[in-house]
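All residue numbers refer to positions in the sequence shown, counting from 1. Just follow the structure's listing: the first ligand is 1, and inside any ligand the first atom is 1. This one's a predicted model, so the numbers in the text were calculated from it and none came from an experiment.
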Amino acid sequence: MGMFGFFRNAIPLLRCPRDRAGLHILHEDDASAELIFHARLGCVSCGAVFTIREGILDLLNHQPDLASIQQAEINARDAGAPLYDQQMAERGHREIPSTLAALPPLEGTRVIEYGCGTGRLTGSFLKADLVVACDFSRASLEILAAKHAKARNLAAVLADATTLYTAPEAFDCAIATQLIEHLTLPLRRRLFGHVRETLRPGGIFLSTCYYYDLRTRLRRLPREGYHRNGIFYHRFSVAEILAEMQPFFEIEHDRLIDITIPGERKLGLQALFSANLSRVAEHIPLVRQFANLILVSARKPVEPTPPNIPAPATALASDL
Ligand SMILES: C[S@@+](CC[C@H](N)C(=O)[O-])C[C@H]1O[C@@H](n2cnc3c(N)ncnc32)[C@H](O)[C@@H]1O
Ligand SMILES: [Zn+2]
């Protein structure tokens with residue numbers, strides 16, 4: 001197996017977390033290779049130093065101190081990373097095909113993924129020219145690196161997504177699957193602001209988040225709280241997530257996905273069968289209220305928006 005390396009072409013797209021200035025390479029093992037295994041980068045303005053170690057760039061060491069909710073999540077994600085993929089395998093059959101189906105063609109594009117975790121979806125984005133994948137759990141990124149050791153266009157960044165600065169209008173597509181339910185409202189807004197800034201006009205932001213589904217509502221389970229491992233979550237209504245995103249993006253479409261039909265678990269269906277059932281259920285109004293996730297595809301407005309002036313009546317007359 002080859003060694004995982006950091007895609008050099010991503011460096012001009014990244015910014016210093018302290019002052020948003022550019023980064024340059026101070027020292028590296030092999031300045032000719034397109035992948036970087038070990039290096040030190042510096043901010044061109046404040047001189048902060050960042051390291052690339054085993055192909056993973058660490059920006060976290062110069063990001064502002066994290067709130068205790070975030071610090072608790074890093075600890076839980078680091079501890080849980082080795083099991084995460086295994087536990088999510090069955091869910092993956094249900095949610096990943098529906099999520100990928102909502103993506104535009106990625107050939108020739110630049111993609112940024114926030115909260116990539118162990119890279120469950122990241123491999124599907126590598127047909128793009130360049131992929132920046134960020135997460136604040138080093139253990140998760142190390143699993144991503146082991147899985148994608150052959151990747152030649154992937155830049156893994158250890159960073160808090162809500163204070164990760166990247167170049168304006170640099171990406172065609174931004175993706176965040178099951179990240180935003182773990183952020184409080186101010187942090188969600190901060191993330192949306194960065195995503196909007198770093199997308200090119202017309203660029204797509206695809207995200208999934210927990211749905212406050214009918215089962216949870218009937219059982220009167222809380223819509224916000226902490227998982228047993230200490231991770232904060234918030235379950236959204238569709239109207240709520242759309243209202244939060246609308247100030248930043250134009251909503252393309254929303255969809256309820258990853259549906260567990262009542263009684264289904266007791267039947268012990270095979271994962272693939274249950275996944276197909278879930279995808280059929282996406283089209284059935286009441287049944288889809290048992291969805292685990294909301295998928296939202298949004299677009300950065302193309303600015304300036306062309307004025308919407310109706311044609312003058314005289315022009316219409318001359319058309320006759
Ligand atoms: C539920 S996992 C989803 C991982 C991956 N997107 C997937 O679908 O498998 C949430 C991930 O978001 C990361 N995360 C949560 N808050 C973050 C933040 N503020 N900055 C960076 N990563 C964050 C966690 O470490 C975790 O890997
Ligand atoms: Zn700086």
Side-chain angles (χ1 to χ4, degrees), residues 14-24 26 41-50 58-92 94-96 98-100 111-125 131-144 147 156-165 174-184 186-192 194-195 206-210 227 229-234 257-258 292-293 295:
L14 301 173
R15 296 287 179 266
C16 172
R18 301 212 306 206
D19 54 14
R20 304 192 187 205
L23 305 180
H24 65 149
L26 301 171
L41 308 188
C43 168
V44 296
S45 171
C46 74
V49 175
F50 309 90
D58 183 352
L59 296 182
L60 200 54
N61 65 336
H62 283 295
Q63 288 187 304
D65 283 343
L66 291 161
S68 58
I69 287 183
Q70 270 66 49
Q71 197 53 57
E73 175 156 358
I74 294 184
N75 298 340
R77 296 291 179 195
D78 279 345
L83 271 176
Y84 182 78
D85 270 342
Q86 258 169 282
Q87 286 166 345
M88 291 295 276
E90 194 185 329
R91 289 276 302 280
R94 307 156 153 279
E95 60 166 293
I96 294 178
S98 300
T99 305
L100 297 181
V111 172
I112 183 161
E113 184 184 8
Y114 298 92
C116 59
T118 56
R120 230 164 35 105
L121 283 93
T122 314
S124 309
F125 311 143
V131 178
V132 170
C134 104
D135 201 286
F136 62 15
S137 157
R138 170 116 199 157
S140 300
L141 289 178
E142 284 172 357
I143 292 174
L144 171 143
K147 264 197 252 177
V157 181
L158 181 68
D160 166 22
T162 70
T163 44
L164 172 67
Y165 300 119
I175 297 155
T177 57
Q178 295 188 52
L179 165 68
I180 55 189
E181 70 257 21
H182 302 300
L183 304 174
T184 53
L187 296 189
R188 300 199 285 271
R189 292 208 174 114
R190 203 154 79 189
L191 177 74
F192 296 154
H194 295 321
V195 173
L206 187 68
S207 69
T208 61
C209 62
Y210 289 175
H227 290 313
N229 58 7
I231 292 177
F232 167 84
Y233 68 85
H234 177 86
I257 65 164
D258 186 0
N292 295 301
L293 299 173
L295 172 75

Nearest to [atom], what protein heavy atom do you find, and at what distance?
| atom | answer |
| --- | --- |
| atom 15 (C) of ligand 1 | Glu73 OE2, 3.1 Å |
| atom 8 (O) of ligand 1 | Thr177 OG1, 2.7 Å |
| atom 22 (N) of ligand 1 | Phe136 N, 3.3 Å |
| atom 13 (C) of ligand 1 | Asp135 OD2, 3.2 Å |
| atom 9 (O) of ligand 1 | Arg120 NE, 2.5 Å |

Does Arg77 pair with Asp135 as a salt bridge, N-O distance under 4.0 Å? no
Angle subtended at the Zn ion (ligand 2) by SG of Cys16 and OD1 of Asp19, to 10 degrees? 80°
Look only at interatomic distance and state if [X] has a nitrogen or oxygen under 3.5 Å from any nitrogen or oxygen of ligand 1.
| X | answer |
| --- | --- |
| Ala161 | yes |
| Gln178 | no |
| Gly115 | yes |
| Asp160 | yes |

With respect to the Zn ion (ligand 2), please indicate if His62 possesses an N, O or S atom at a distance under 2.8 Å. no
What do we get for [X] next to ligand 1 when only non-hydrogen atoms under 4.0 Å count, side chain, backbone, both or neither?
| X | answer |
| --- | --- |
| Thr208 | neither |
| Leu121 | side chain |
| Tyr84 | side chain |
| Ala176 | neither |

Take every heavy atom of Leu191, measure it against each atom of ligand 1, and state whether any distance is under 4.0 Å. no
